[in-house]
Visitor: 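Structure provided below as structure tokens; questions to follow.
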Amino acid sequence: MELIQLSPRMDVDPSLHLRSPGEVLLLDYMLPATMNHQQLARRTGIRAPHLREFLTDARPMTPRQAIRLALVLDTSPLYWLVLQAHYDLAREAQRASADR
């Protein structure tokens with residue numbers, strides 16, 4: 001059973017504003033719930049310094065963090081990992097085009 005139809009040309013709509021997973025977490029989940037990173041750390045078991053680094057894009061999302069966030073925020077772990085992969089790919093593409 002396939003959960004997702006993967007294709008070699010799979011992509012995200014390039015017209016969408018590029019947001020980091022940390023920005024999505026902050027703006028779409030934490031602020032509406034009036035939750036700070038320390039409260040989220042207690043709920044998820046993710047260390048507060050790691051969450052702070054994640055929110056400032058200094059640390060990428062890991063599978064373990066994705067699972068912990070998904071359990072608390074009623075999302076899927078794949079959601080967070082796809083956000084991270086898309087963000088990383090878009091940033092590398094921007095760097096590559098700037099180097100040309």
Side-chain angles (χ1 to χ4, degrees):
M1 176 172 101
E2 281 190 44
L3 300 176
I4 300 174
Q5 282 289 349
L6 295 177
S7 109
R9 304 242 180 238
M10 188 175 183
D11 205 356
V12 177
D13 183 351
S15 68
L16 296 174
H17 171 67
L18 179 63
R19 297 193 313 160
S20 71
E23 182 181 353
V24 171
L25 177 61
L26 179 65
L27 298 180
D28 296 356
Y29 293 92
M30 293 173 65
L31 289 179
T34 61
M35 185 183 336
N36 64 37
H37 76 280
Q38 292 153 335
Q39 292 166 322
L40 185 60
R42 280 192 297 276
R43 291 182 66 193
T44 61
I46 300 170
R47 294 183 59 224
H50 290 181
L51 271 174
R52 189 172 37 252
E53 290 173 346
F54 178 67
L55 290 168
T56 60
D57 302 324
R59 175 184 289 264
M61 173 69 63
T62 66
R64 177 174 282 185
Q65 290 170 334
I67 290 168
R68 290 178 177 198
L69 287 174
L71 289 170
V72 170
L73 300 175
D74 195 29
T75 63
S76 76
L78 185 60
Y79 171 71
W80 297 105
L81 293 178
V82 168
L83 283 172
Q84 185 67 58
H86 175 252
Y87 183 71
D88 291 345
L89 287 168
R91 282 192 355 198
E92 284 303 316
Q94 290 170 348
R95 287 182 188 135
S97 68
D99 290 344
R100 289 183 193 170

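Positions are given from 1, in the same order as the sequence printed here.
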Visitor: Under 4.5 Å side-chain heavy-atom separation, chaining through any Ile, Leu, Val, Met, Phe, Trp or Tyr, what else clusters with Leu18? Say none if it is isolated.
Guide: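 Leu18 clusters with Tyr87.
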
Visitor: Kindly give the heavy-atom pair with the smallest separation between Phe54 and Gln84, and that separation in Å.
Guide: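 Looking at all heavy atoms of both residues, the shortest contact is CE1-OE1, 3.8 Å.
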
Visitor: If you round to the nearest 0.5 Å, how far is NE2 of His37 from CZ of Arg42?
Guide: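 Here the rounded value is 10.0 Å.
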
Visitor: How long is the gap from OG on Ser76 to CD1 on Ile67, to the nearest 0.5 Å?
Guide: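 Taking OG in Ser76 and CD1 in Ile67, the distance rounds to 10.5 Å.
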
Visitor: Write down the atom of Ala66, the atom of Pro77, and the distance for their closest heavy-atom approach.
Guide: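 Looking at all heavy atoms of both residues, the closest pair is CB-O, 3.6 Å.
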
Visitor: Mind listing the closest non-hydrogen atom pair of Met61 and Trp80 along with its distance?
Guide: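 Heavy-atom minimum between the residues: CE-CB, 3.9 Å.
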
Visitor: Considering residues at least two apart in sequence or located in another chain, which fulfil the ring-ring contact (aromatic ring centres under 6.0 Å, His included) criterion with Tyr79?
Guide: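 Once residues adjacent in sequence are excluded, Tyr79 has no partner under the ring-ring contact (aromatic ring centres under 6.0 Å, His included) criterion.
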
Visitor: Show which side-chain atoms of residues 20-34 pair as donor or acceptor with protein atoms under 3.5 Å away, not counting sequence neighbours.
Guide:
| unit_1 | atom_1 | unit_2 | atom_2 | d |
| --- | --- | --- | --- | --- |
| Ser20 | OG | Gly22 | N | 3.4 |
| Ser20 | OG | Glu23 | N | 3.0 |
| Ser20 | OG | Asp57 | OD1 | 2.8 |
| Ser20 | OG | Asp57 | OD2 | 3.4 |
| Asp28 | OD1 | Arg19 | NH1 | 3.3 |
| Asp28 | OD2 | Arg19 | NH2 | 2.5 |

Visitor: Taking all atoms of both residues into account, what is the closest heavy-atom pair of Arg68 and Thr44, and its distance?
Guide: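 Distance-wise, the nearest heavy atoms are CD-O, 3.3 Å.
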
Visitor: Flag yes if more than 12 heavy atoms outside Arg91 fall under 6.0 Å of its CZ atom; otherwise flag no.
Guide: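 Above 12, so yes.
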
Visitor: Are the side chain of Gln39 and the backbone of Asn36 linked by a donor-acceptor contact shorter than 3.5 Å?
Guide: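 Looks like yes, one N/O pair under 3.5 Å.
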
Visitor: Shared ILVMFWY cluster between Val72 and Leu51, side chains joined below 4.5 angstrom?
Guide: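 Yes: a chain of side-chain contacts under 4.5 Å links Val72 to Leu51.
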
Visitor: With rounding to the nearest 0.5 Å, note down the distance linking CZ in Arg59 to CD in Gln65.
Guide: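 It is 6.5 Å, given to the nearest 0.5 Å.
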
